Amino acid sequence: MSHLRVDLRQRAEELVALYPRPRSAMLPLLHLVQEQDGYVSPEGIDEVAELTGTTPADVRGTASFYDMFHLEPVGRYVVGVCTNIACLLAGGEELLAHAARRLDCAVGSTTDDGLFTLEETECLADCGHAPCVTVNHRYVRTTTPEAFDAMIDEVRSGRRDHEIPDHGTLVRVRRNGGLRVPDEVIAAERAAAKAARARRLEGAG
Amino acid sequence: MAVLDAPRIVTSRLAYEDSHTLARYLATGGYAALRKALSLHPEQVAAEVDQASLLGRGGAGFPAGRKWSMLRPSEIAYLVVNGDESEPATFKDHLLVERDPHQLVEGVIIAAYALQVNRAFIYLRGEFALGLERVQTALNEAYDHGALGRDVFGSGFSLDIVVHPGAGAYICGEETALLEGLEGKRGFPRIKPPFFPAVQGLYGEPTVVNNVETMSNLPWIVLNGGAAFAALGAGRSTGTRLFALAGRVNRPGVYEVEMVKNTFRDLIYDPALGGGVPGDRPVKAFIPGGVSAPWFGPDQLDLPLGQDEVGGQGSMLGSGSVVVLDDTSCAVRAAWRITKFFSRESCGQCTPCREGSGWIERAMYRLEHGGGRVEDLDLLLDLCDNIAPGLTWPPQQTTICVLGPSIPSSVHAAIEMFKDEFLAHVETQGCPFD
Ligand SMILES: Cc1cc2nc3c(=O)[nH]c(=O)nc-3n(C[C@H](O)[C@H](O)[C@H](O)COP(=O)(O)O)c2cc1C
Ligand code: SF4
Ligand code: FES
């Protein structure tokens with residue numbers, strides 16, 4: 001039984017089919033798990049292991065290397081404030097301190113209502129709009145405390161949900177474009193996976 | 001020479017709101033370069049790029065044509081595009097990926113044709129949510145347009161491109177770590193030799209890795225010829241280049257300027273570019289090529305924006321990011337924050353990098369936040385010397401990749417240039433700029 005929703009499971013199989021080797025789909029698959037569960041859940045890890053032909057320990061060990069993957073649940077909106085060099089020179093530390101006061105939560109933790117997690121980030125490659133703020137990896141470009149507060153109010157009320165989807169950096173890729181995978185590639189991949197499963201079952205006998 | 005006289009090579013379309021769409025791309029001459037390339041022999045295309053003397057725009061500045069010629073002949077070979085863009089204060093690829101994805105895609109197809117590879121990957125940092133969406137959409141449109149897939153424009157050449165999301169790791173910009181990320185592993189840089197992925201890269205097969213901006217130059221080069229590109233700039237630094245200007249300037253942003261013909265002063269002060277420093281404060285220092293690069297002082301403002309010009313003065317043009325510090329910026333705090341970045345992003349494989357970065361960061365922290373001691377300056381220089389013996393530039397390497405040896409550059413420069421400031425921090429047991 002698949003832990004991923006039907007549509008995400010299908011997307012996951014398409015992703016695996018895109019690469020010469022299944023393991024290469026590791027990072028995009030973990031993004032899908034995070035999109036569904038809000039974090040990299042144990043069930044999601046098991047499924048990624050199955051899809052990539054690895055073990056759950058291997059998947060977890062890989063995911064833990066990458067900052068974007070949360071191995072524990074986080075708030076619905078992950079707010080990132082950059083304090084790296086360009087943002088530092090534009091008041092990034094002050095904006096981060098303001099954000100912590102405004103959200104009433106320490107940097108690196110989640111608000112009591114589970115709505116916001118606040119993170120200090122490294123450079124997000126948007127230094128022309130310093131200090132850089134993102135919400136669920138969308139650049140919101142609120143560089144002053146006042147703009148930050150207004151943005152938080154809007155996010156809290158759900159008014160920004162159309163542009164700031166839940167977790168998962170690939171959400172809109174799927175919604176707006178879809179992947180382009182030739183049907184025969186997917187068919188071949190499915191057949192190979194089926195054959196591999198059959199071999200495993202035989203081996204277990 | 002007026003700063004904006006040079007042709008716009010990679011930013012020509014950005015004035016349009018819909019610069020990312022296929023319709024706009026086609027209306028502005030898009031995919032004509034690909035058709036032209038397909039009418040030539042692959043070697044002819046490579047020869048144009050060689051003649052252009054296009055230096056890689058990712059950081060190391062290696063000539064693209066030469067890199068391509070090193071690709072080991074093999075049944076299977078790959079092209080991988082580096083869009084990880086995580087060097088602090090670098091944000092030029094961000095612009096190209098979001099605002100002109102078709103130019104990138106066309107460049108990748110041209111390169112793949114020249115190299116005769118049938119599979120390419122575009123690795124984008126995972127935080128580029130909109131960029132991932134735009135590039136995937138551009139790929140879908142290119143497939144529908146016949147520019148990608150089987151038999152591109154009826155030429156018999158076939159190519160598939162996959163866009164691959166990273167997941168937040170600076171080190172995955174290093175090309176061998178990037179390949180590890182693409183293989184679904186932790187982003188550990190690979191031990192050299194082999195020195196070049198062109199010999200042994202993705203899945204052990206020959207692989208060319210090039211930066212997003214490098215690729216985005218190709219359509220223009222094919223259309224206008226390598227000689228026209230090489231006629232811009234001077235010496236080894238040909239064409240134009242994107243500079244990401246940030247820090248204490250009135251108009252931070254990404255600017256395309258002709259190589260060598262302009263100076264750092266032009267970039268920072270020209271009204272059409274940086275527009276000067278807020279409040280007309282004096283420039284105290286600037287970082288010429290990403291935070292791995294040694295700093296420059298105001299006496300180097302008139303240095304031309306060229307690879308060898310900057311290299312000859314003991315720093316590097318690197319990733320094309322320029323960060324300006326004015327007399328209100330604290331050098332100790334700036335250097336501390338840069339070390340904090342390195343100590344967070346060290347992948348941990350090599351002892352000098354893993355332990356050294358954290359140690360330097362802690363010493364810098366206590367200097368900046370009260371608790372610093374005079375001996376800390378010697379300690380810091382000693383630590384720096386242990387990571388990069390001799391403290392020369394380019395640094396000697398004690399580690400698997402050059403992240404480690406990049407750590408000392410800012411600390412070393414800050415101590416050399418602003419020793420008084422360090423001592424004032426010790427004296428007041430805090431930051432005099434607070
Ligand atoms: C620590 C480290 C980080 C790097 N980050 C990037 C990066 O984000 N983007 C990039 O294009 N190159 C980066 N590079 C350089 C790449 O290793 C490689 O030289 C480059 O992608 C080659 O492309 P080019 O020849 O077109 O410049 C980095 C190198 C190191 C050592
Ligand atoms: S130098 Fe640092 S980042 Fe590079 S491989 Fe060694 S530990 Fe990793
Ligand atoms: S330094 Fe903050 S986004 Fe680049």
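No hydrogens, no waters, no symmetry mates; every other heavy atom, side chains included, goes into these values. Only a predicted model underlies this, so the values are computations on that prediction, with no experimental measurement involved. Chain letters run A, B, ... following the sequence lines, proteins first, then strands; residues in each count from 1.
The candidate from B/Cys330, B/Ala244, B/Gly187 with the greatest count of non-hydrogen atom pairs under 4.5 Å with chain A is B/Gly187. Ranked by non-hydrogen atom pairs under 4.5 Å with chain A, the options B/Arg344, B/Glu85, B/Arg248 are led by B/Arg344. The choice from B/Ala89, B/Ser86, B/Pro252 that makes the most heavy-atom pairs within less than 4.5 Å of chain A is B/Ala89.
Contact of B/Tyr123 with chain A is made through the side chain alone, with heavy-atom distances under 4.5 Å. Heavy-atom distances place the side chain of B/Ile171, and not its backbone, under 4.5 Å from chain A. Looking at B/Val135, neither its backbone nor its side chain comes within 4.5 Å of chain A, counting heavy atoms on both sides. Interface remark: B/Leu182 contributes backbone and side-chain atoms alike to the contact with chain A (heavy atom separation under 4.5 Å). With a 4.5 angstrom heavy-atom cutoff, B/Cys172 touches chain A only via side-chain atoms.
Every residue two or more places apart in sequence or in another chain that forms a ring-ring contact (aromatic ring centres under 6.0 Å, His included) with B/Tyr78 is listed here: B/Tyr203.
Under the 6.0 Å cut-off for aromatic ring centres, B/Tyr255 and B/Phe243 do not qualify, their centroids lying 6.0 Å or more apart. Aromatic pair B/His164/A/Tyr19: ring centres closer than 6.0 Å. In this structure, A/Tyr39 has its ring center at least 6.0 angstrom away from the ring center of A/Phe69. The six-membered or imidazole ring of A/Tyr66 lies away from that of A/His31, with a centre-to-centre distance of 6.0 Å or more.
Within residues 81-98 of chain A, the residues having any heavy atom less than 4.5 Å from a heavy atom of chain B are, in residue-number order, A/Thr83, A/Asn84, A/Ile85, A/Ala86, A/Leu88, A/Leu89, A/Glu93, A/Glu94.
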